[in-house]
Each structure stands twice: as structure tokens, then as C-alpha cells.
**Student:** 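Quick one: the structure is below, and I'll ask about it shortly.
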Amino acid sequence: MRIATWNVNSVVARLPRLVEWLEQAAPDVVCLQETKVGDDAFPCEAVKPLGYEVEHLGEGRWNGVALLSRAGFADVDRGLPGDPGFPDQATAEARTLAATCGQVRVRSVYVPNGRTPDDPHYAYKLRWLAALREAVAQDSAGSTPFALMGDFNIAPTDADVWDPAAFAGSTHVTKAERDQLAELLATGLSDVTPRIAKGNPFTYWDYRGGNFHKGMGMRIDLVLANAALTERISDAWIDREARKGKGPSDHAPVVVDLSR
DNA sequence: ATGCCTTTCCCAGAAAGA
């Protein structure tokens, strides 16, 4: 079984690249982030011929997460209990959904960006991560193979950014964010580090300034696996080819192969 | 150099991304 996660930065703008990638990579289950469409506008018909059913939690212009599955769906869980919302609890955003697809349970996540450490959005990011931890604890500790996959907007270590000095005072690398990631892992998950391609471990490169070609990226798209899933992993890598060429997302997919 | 690109709203330029 092959599972994957990809922040597509608009599923509508990325549709030709998404379909091409699904045909080539042929994953069984895919977690998508930043679909940027409402539920009625998700292009389900474009992926159905490839064998995929779709579960989507969208809100329109921003955010939006989806699951594509060739292994069916059960126990679909939309959104986050206790979601702090932004700017307040009345306005929860479309940032996570989970489902069981055949033998594995997956949860697609799009963690809030945080903007800057002194921005209210940063405090929201930390609160949202705490709520996420509550939501995944049971799956993390369970005997069903489970993967929490998506755009975490956190670089786990300084080796996961192209230049730690360039991120001084920025979000994505602060101790509080990394502490939240550690708390998430402490529920029973491990960070599945993909094979290194071309000397760096990155999954995201800013569109500006030719950053991709200069190797100026970050590893912020993660697969966090529980023990039952970890023992089935046969391979994991970052599909850099999807970041090349015409009209790419600024993120590359992370792909994980399971032995059964 | 607080920018550099891309997307959405929808037709002008702001907001957001990270």
C-alpha cells in the first residue's frame, strides 16, 4: 500500500499536475492540503476515473483538506473537537479530517501558519496544535496503523531549513512550536524521515527568487506514524519531480510505502 | 531591499502564504 501527503496550493489551479501525479505515483491514499475550494467545487469527477473516492472539508478561498482513497472510507471524522478557531472559536477553519481507508487510518492536517511570533495567529497555531493532540491521542496509541500527515508548518530541527540563521525570529522554528510537535509525537507517533534526495530533506520551497533551484527550502510536510504503521514501512521519499516544471505547487508530495 | 511568486477574491489590488 502506498500513502502520500501533498499541499497542492489550490486543487483547482493544480488539477492538471495532480492528475498527472496520481497517474504516475499511483498512491492508494492521499492527504491533500490547501485545496482552497468549497465542498461543492472539489473536482471529484477528475479523480474518479483513476479510482479515487474523495472526502473533503473545504471552506472556499483559504485552507481546505481532502482525502483521496482507492481503499474506501470508514469512520470519517471532520474537523477538530475543541478547535480554537481564528480569530475566535466561532470561526473554526477547514484544517483537518480523518478516515480509515482499508487497513490504515489517516488524518490530513494543515496546521496554521503562525505568521510571526508576536501575531495572534501564532498563539492560535499553538492552541490548534494542542487541540490536535487531544484529537489524535486515541489513534496514536491504537493498534490500527495510523498516520498523521500533512503540512505542519514546523521544521522539526535546524537541519530541516536551508539556513537556520535566515529563520532567526521567525515562525516554523521556534521552541514553542517544536515543543508542540514533541507533545504530538509523545502520543505515540514517530517522524517518518524520507530518504534524502539531492543532499537536502526539504518538502517546501518559496516560489520567489528561484529558491527551489538554489536549494533554499524547508521540511515542513511530515508523516507522523504510530507503531503499528511504522513497522509496515518499506520506503519513504519526497517526490521532488512534482515541484519542477510548469505550474507546480510550492510543496512536494511525501510518499510512504507500506509492506502490507 | 520590509522584494523577488502564486493563489484567491473577481477585474484592482489586498490578503495570505511560510
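Worth saying up front: this structure is predicted, and the values here are computed from it rather than measured. Protein chains get the first letters and strands the later ones, always in sequence-line order, with residue 1 at the start of each.
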**Student:** Calculate the interatomic distance between A/E34 atom CD and B/dA15 atom P; express it in whole Å.
**Tutor:**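 These atoms are roughly 18 Å apart.
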
**Student:** Atom NZ of A/K36 and atom C1' of B/dC9: how far apart are they, to the nearest Å?
**Tutor:**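 Distance, rounded to whole Å: 11 Å.
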
**Student:** Can you figure out which of B/dC9, B/dA18, B/dT6 approaches the side chain of A/R61 most closely?
**Tutor:** B/dC9

**Student:** How many whole angstroms separate atom CG of A/D221 from atom P of B/dA18?
**Tutor:**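 Checked: the CG to P distance equals 9 Å.
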
**Student:** Over all strands shown, is A/D119 touching base, sugar-phosphate only, or nothing at heavy-atom distances under 4.0 angstrom?
**Tutor:**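 Counting heavy atoms under 4.0 Å across all strands, no contact is made by A/D119.
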
**Student:** Side-chain N or O of A/H121 less than 4.0 angstrom from OP1 or OP2 on B/dA16?
**Tutor:**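 For B/dA16, OP1/OP2 do not have a side-chain N/O of A/H121 under 4.0 Å.
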
**Student:** Please compare A/V12 and A/M218 by the position of their nearest nucleotide in DNA chain B and report the one closer to 5'.
**Tutor:**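 Here A/V12 is the residue nearer the 5' end.
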
**Student:** Say you pick atom P in B/dA14 and the same atom in B/dC4; how far apart are they, in whole Å?
**Tutor:** 12 Å

**Student:** Taking atom P in both B/dA16 and B/dA1, compute the distance separating them and give it to the nearest angstrom.
**Tutor:**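 27 Å, rounded to whole Å.
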
**Student:** In terms of the nearest nucleotide of DNA chain B, which residue is placed more toward the 5' end: A/G60 or A/G209?
**Tutor:** A/G209

**Student:** A/F212 CZ to B/dT6 P: how many Å, rounded?
**Tutor:**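 Distance check: A/F212 CZ to B/dT6 P gives 14 Å.
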
**Student:** Hey, do the aromatic rings of A/F86 and A/H121 have their centres closer than 6.0 Å?
**Tutor:**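 Between A/F86 and A/H121, the centre distance is under 6.0 Å.
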
**Student:** I want to check one thing: is the phosphate of B/dA18, taken as OP1 and OP2, less than 4.0 Å away from some side-chain N or O of A/Y110?
**Tutor:**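 For B/dA18, OP1 or OP2 has a side-chain N or O of A/Y110 closer than 4.0 Å.
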
**Student:** Counting neighbours of CD on A/E231 that are heavy atoms of other residues, nucleotides or ligands and sit closer than 6.0 Å, is the number greater than 12?
**Tutor:**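 Yes, the 6.0 Å shell around CD holds more than 12 heavy atoms from other groups.
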
**Student:** So if I apply the side chain to side chain donor-acceptor pair (under 3.5 Å) rule between A/H251 and each of A/N9, A/D221, A/T5, A/T203, which one comes out positive?
**Tutor:** A/D221

**Student:** Could you check whether A/W21 and A/W6 have their ring centres less than 6.0 Å apart?
**Tutor:** yes

**Student:** Using the P atom in both, what is the distance from B/dG13 to B/dA18, to the nearest Å?
**Tutor:** 26 Å

**Student:** Considering only B/dT7, B/dC5, B/dA18, which nucleotide approaches the side chain of A/Y207 most closely?
**Tutor:**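 Output: B/dC5.
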
**Student:** Which is true for A/D206 with a 4.0 Å heavy-atom rule: it touches a base, it touches only sugar-phosphate, or it touches nothing?
**Tutor:**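 If one applies the 4.0 Å heavy-atom cut-off, A/D206 turns out to touch nothing in the nucleic acid.
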
**Student:** B/dG17 and B/dA12: how far apart are their P atoms, nearest whole angstrom?
**Tutor:**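 After rounding to an integer number of Å, I get 26 Å for this pair.
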
**Student:** Using whole Å, report how far NE2 of A/H172 lies from C1' of B/dG17.
**Tutor:** 8 Å

**Student:** Side chain of A/N9: nearest nucleotide among B/dG17, B/dA18, B/dT7?
**Tutor:**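 Closest nucleotide to the A/N9 side chain: B/dT7.
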
**Student:** Over how many whole Å does the gap from A/R17 atom CZ to B/dT6 atom C1' extend?
**Tutor:**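 Answer to the nearest Å: 14 Å.
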
**Student:** Atom CG of A/N211 to atom P of B/dG17: distance rounded to whole Å?
**Tutor:**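 To the nearest whole Å, that distance equals 18 Å.
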
**Student:** What distance, rounded to whole Å, do you find between the two P atoms, one in B/dC10 and one in B/dT6?
**Tutor:**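 Looking at atom P only, B/dC10 and B/dT6 are 22 Å apart.
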
**Student:** Reckon A/N7 touches a base, only the sugar-phosphate, or nothing at all at heavy-atom distances under 4.0 Å?
**Tutor:** sugar-phosphate

**Student:** Return no unless some side-chain N or O of A/R208 is found under 4.0 Å from OP1 or OP2 of B/dT6.
**Tutor:**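 Checking A/R208 against B/dT6: no side-chain N or O falls below 4.0 Å of OP1 or OP2.
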
**Student:** For A/Y204, answer base if it contacts any base atom (sugar-phosphate contacts may also be present), sugar-phosphate if it contacts only those atoms, and nothing otherwise; contact means non-hydrogen atoms under 4.0 Å.
**Tutor:** sugar-phosphate

**Student:** What does A/S10 touch in the nucleic acid at a heavy-atom separation under 4.0 angstrom: a base, only the sugar-phosphate, or nothing?
**Tutor:** sugar-phosphate

**Student:** Tell me: CH2 of A/W62 to C1' of B/dT8, nearest whole Å?
**Tutor:**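 Result: 6 Å.
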
**Student:** Run A/Q33 and A/D151 through side-chain hydrogen bond (donor to acceptor under 3.5 Å, both in side chains) and show every step you take.
**Tutor:** CA-CA 7 Å; A/Q33 300 85 37; A/D151 179 357; over 6 Å; no

**Student:** Could you walk me through whether A/D83 and A/R95 pass the salt bridge (charged side-chain N to carboxylate O under 4.0 Å, His left out) test, one step at a time?
**Tutor:** CA-CA 10 Å; A/D83 192 319; A/R95 293 186 178 275; over 6 Å; no

